[in-house]
Amino acid sequence: MLKLIPWEQAAMLLESQPLSAKKETVPLEEAEDRILAEEIRAAFPMPPFDKSPFDGFAFRAEDAPGELTIHGESAAGCRCLEPLLPGTAMRIFTGAPVPEGANAVLKAEDTEVKGGSVFIPTVVRPDSNIIRIGEEYPSGITLLKAGRRIGPAEMGILASQGLAAIPVFQKPKVLFLSTGTELSLPGEERSRYGIYNSSFYSLSGYLHRMGFTILSGGTVPDDLDLITAKIREGLQSEADLVITTGGASVGDYDFAVRAAETLGMEILFWKVNVKPGGALMAAKAGGKPVFSLSGNPAAAIMSLLTVLQPCLRKLTGENTWNKELLLPIKKDMPKFSTAVRMLRGHGTVQDGVLYFEENEGRGNGVISSYSDCSMIGIVEGGQGHLPAGTKIRVLRLPRDLC
């Protein structure tokens with residue numbers, strides 16, 4: 001069992017685990033906000049035919065200027081369209097196909113209609129005002145890659161190709177188990193020295209945004225046998241992984257490692273050399289991951305966002321993750337720590353320069369510091385006072401976690 005390892009090593013170790021997302025097919029109307037499981041290629045070009053960008057007349061450019069007989073019309077969705085005759089013009093509407101033989105379109109307001117004829121007053125270049133077949137994209141091109149989250153624009157792309165059934169990754173199920181005699185649920189009476197279980201709701205929120213289905217394992221008091229039994233149930237359940245909070249440190253009531261050993265799990269590592277979020281254990285049994293996070297809410301969230309996220313993304317199939325930047329800090333950082341410090345913050349621009357600015361509240365229990373948190377600043381261990389303007393490593397969180 002590895003102990004007190006660097007956070008990068010912990011993240012890489014988890015990402016290297018042989019985990020994969022499962023596929024399923026859902027109706028198009030249920031595909032929004034799901035993760036695409038297969039590459040989508042264009043079965044036909046878009047637009048699939050030459051069309052008009054507005055209401056007007058289609059004709060041969062070589063017949064202009066001049067007076068042309070109006071012969072027929074082309075409307076959007078028309079089933080049958082006759083070719084254009086030389087010396088004639090066809091009335092055409094927005095989005096309608098350009099008839100064979102026509103090579104120009106002119107707006108209705110730029111022409112003059114007299115009886116059954118239309119007067120084209122100017123010289124018109126061939127191909128004027130025609131949206132050509134494949135102008136948006138040709139047939140066979142990759143429209144969407146696997147691993148992409150399906151939003152409103154992607155829904156439109158899928159619909160434009162006539163796809164009624166969409167291959168997506170299944171939403172992985174996570175059994176969430178909260179441990180701690182001090183915990184009460186919102187709505188319940190809180191004991192004098194107890195706290196409400198905020199970790200479950202904040203962590204579940206992040207996991208839900210990532211695409212997980214949350215299965216609540218409830219709250220368990222600090223009892224090794226009860227905790228072990230609950231984790232055993234989780235390993236035998238339909239859940240794809242088990243996450244516990246509390247019991248991951250080194251106190252008398254920290255049962256994560258003891259429960260894992262009792263259940264014969266392979267412990268990948270225990271504790272990470274980082275603040276906050278160092279109290280973290282990763283294990284597995286029968287290929288199913290088990291993560292035990294700190295009972296301190298802010299520390300548990302930090303573990304999820306930095307160390308666990310790459311592994312969790314593998315289970316969802318989404319190809320997004322933190323992006324590392326090198327940014328100057330907005331304010332002085334006087335604090336010293338032997339461990340790597342993870343700072344909750346956001347980006348701010350001054351004089352055209354992007355800075356990292358730390359949010360208020362550094363404590364392990366301060367959840368409010370994750371409000372407006374879009375970046376995690378990394379200060380290496382052993383560094384003392386850092387003046388404003390010093391560049392540090394910064395993890396920019398994916399949009400779904402901000």
Side-chain angles (χ1 to χ4, degrees), residues 11-43 140-177 200 202-217 234-243 268 282-291 293 301 303-323 395-402:
M12 291 178 62
L13 179 60
L14 294 181
E15 190 178 8
S16 68
Q17 297 302 305
L19 302 172
S20 60
K22 303 170 185 177
K23 297 181 182 181
E24 64 179 347
T25 301
V26 299
L28 175 61
E29 56 268 24
E30 298 177 11
E32 187 170 5
D33 209 35
R34 299 295 298 273
I35 310 301
L36 194 63
E38 297 177 9
E39 181 180 78
I40 302 297
R41 290 180 172 271
I141 194 173
T142 298
L143 298 176
L144 299 171
K145 293 183 179 180
R148 183 162 180 170
R149 187 177 293 270
I150 301 173
E154 289 77 16
M155 289 287 286
I157 292 171
L158 295 168
S160 71
Q161 284 289 302
L163 298 174
I166 311 301
V168 297
F169 288 114
Q170 290 182 13
K171 291 187 174 185
K173 298 180 177 67
V174 52
L175 180 75
F176 198 106
L177 179 64
F200 171 76
S202 56
L203 291 169
S204 293
Y206 280 112
L207 290 165
H208 179 75
R209 286 188 173 193
M210 293 172 66
F212 282 86
T213 296
I214 314 300
L215 306 177
S216 176
L235 292 172
Q236 295 171 350
S237 73
E238 62 176 338
D240 297 290
L241 75 155
V242 177
I243 290 181
L268 301 175
K284 62 180 180 179
K288 182 177 292 190
V290 177
F291 302 131
L293 284 64
I301 295 173
S303 294
L304 187 146
L305 295 179
T306 57
V307 177
L308 301 186
Q309 189 186 163
C311 173
L312 296 174
R313 295 288 187 182
K314 287 183 68 175
L315 287 170
T316 66
E318 189 169 18
N319 57 5
T320 187
W321 44 79
N322 297 332
K323 182 177 181 181
L395 301 178
R396 184 168 66 191
L397 300 175
R399 287 184 297 175
D400 60 340
L401 299 184
C402 296

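What you see is a predicted model, and the numbers here were worked out from it, not measured in a lab.
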**Study point:** Arg41/Glu39 ion pair, N-O < 4.0 Å
**Key:** yes

Review point. Given side chains that start at C-beta, do those of Leu215 and Glu238 come closer than 4.5 Å, heavy atoms only?
Key: yes

Point to revise | Residue pair Gly317 / Ala21: nearest heavy atoms and the distance that separates them | key: N-CB, 3.7 Å

Review point. Heavy atoms, side chains only, cut-off 4.5 Å: are Ile40 and Arg148 in contact?
Key: no

Practice item. Would you confirm whether Lys314, through its side chain, and Leu14, through its main-chain N or O, come within 3.5 Å as a donor-acceptor pair? Key: no

Check your understanding: Phe291: what forms a ring-ring contact (aromatic ring centres under 6.0 Å, His included) with it, not counting sequence neighbours?
Key -> none

Review point. Counting only N and O atoms by type, is there a donor-acceptor contact under 3.5 Å from the side chain of Asn322 to the main-chain atoms of Thr306?
Key: no

Point to revise | Separation of Leu163 CG from Leu144 CG (nearest 0.5 Å) | key: 9.5 Å

Check your understanding: Taking Arg34 for the side chain and Phe169 for the main chain, is one N or O donor matched with an acceptor at less than 3.5 Å?
Key -> yes

Review point. Are Glu154 and Leu36 close enough that some pair of their side-chain heavy atoms sits under 4.5 Å apart?
Key: no

Check your understanding: Side chains of Phe212 and Pro172: does their closest heavy-atom pair fall under 4.5 Å?
Key -> yes

Check your understanding: Is the closest side-chain heavy-atom distance between Ile166 and Leu158 below 4.5 Å?
Key -> yes

Revision key, fill the gap. In terms of heavy-atom contacts, Ile301 and Ser202 come closest through CD1-OG, 3.7 Å

Revision key, fill the gap. By ring-ring contact (aromatic ring centres under 6.0 Å, His included), Tyr206 pairs with (sequence neighbours left out) none

Review point. Shortest non-hydrogen contact from Asn319 to Gly147?
Key: OD1-O, 2.8 Å

Check your understanding: What's the shortest heavy-atom distance between Gly217 and Leu177, and which atoms?
Key -> O-CD1, 3.6 Å

Check your understanding: Between the main-chain N or O of Ile157 and the side-chain N or O of Gln161, is there a donor-acceptor pair closer than 3.5 Å?
Key -> no

Practice item. Might you work through the side-chain contact (heavy atoms from CB on, under 4.5 Å) test for Leu293 and Leu308, ending with a clear yes or no? Key: CA-CA 10 Å; Leu293 284 64; Leu308 301 186; 3.9 Å; yes

Practice item. Over all heavy atoms of both residues, which pair between Leu28 and Met155 is shortest? Give the atoms and the distance, please. Key: O-CE, 3.1 Å

Check your understanding: Is there a donor-acceptor pair under 3.5 Å between the side chain of Lys23 and the backbone N or O of Glu38?
Key -> no

**Study point:** Side-chain ion pair, Asp33 and Lys171, N-O less than 4.0 Å
**Key:** no

Point to revise | Candidate pair Phe200 and Ile214, rule side-chain contact (heavy atoms from CB on, under 4.5 Å), full reasoning | key: CA-CA 10 Å; Phe200 171 76; Ile214 314 300; 4.1 Å; yes

Practice item. Could you tell me whether the side chain of Leu19 reaches within less than 4.5 Å of the side chain of Leu241, counting heavy atoms only? Key: no

Exercise for review: Step by step, work out the side-chain contact (heavy atoms from CB on, under 4.5 Å) result for Gln309 and Leu395.
Suggested key: CA-CA 12 Å; Gln309 189 186 163; Leu395 301 178; over 6 Å; no

Study note, to complete from the structure: Checking Arg313, Glu318, Arg209, Arg149 against Pro398 for side chain to side chain contact (heavy atoms under 4.5 Å, CB included), the one that qualifies is Arg313

Study note, to complete from the structure: Closest non-hydrogen atoms of Thr25 and Ala165, given as atom of the first, atom of the second and distance, are CG2-CB, 3.6 Å

Review point. Can you tell me how far CG of Asp240 sits from NZ of Lys22, rounded to the nearest 0.5 angstrom?
Key: 4.5 Å

Check your understanding: Going by heavy atoms in the side chains, are Leu207 and Leu304 under 4.5 Å from each other?
Key -> yes

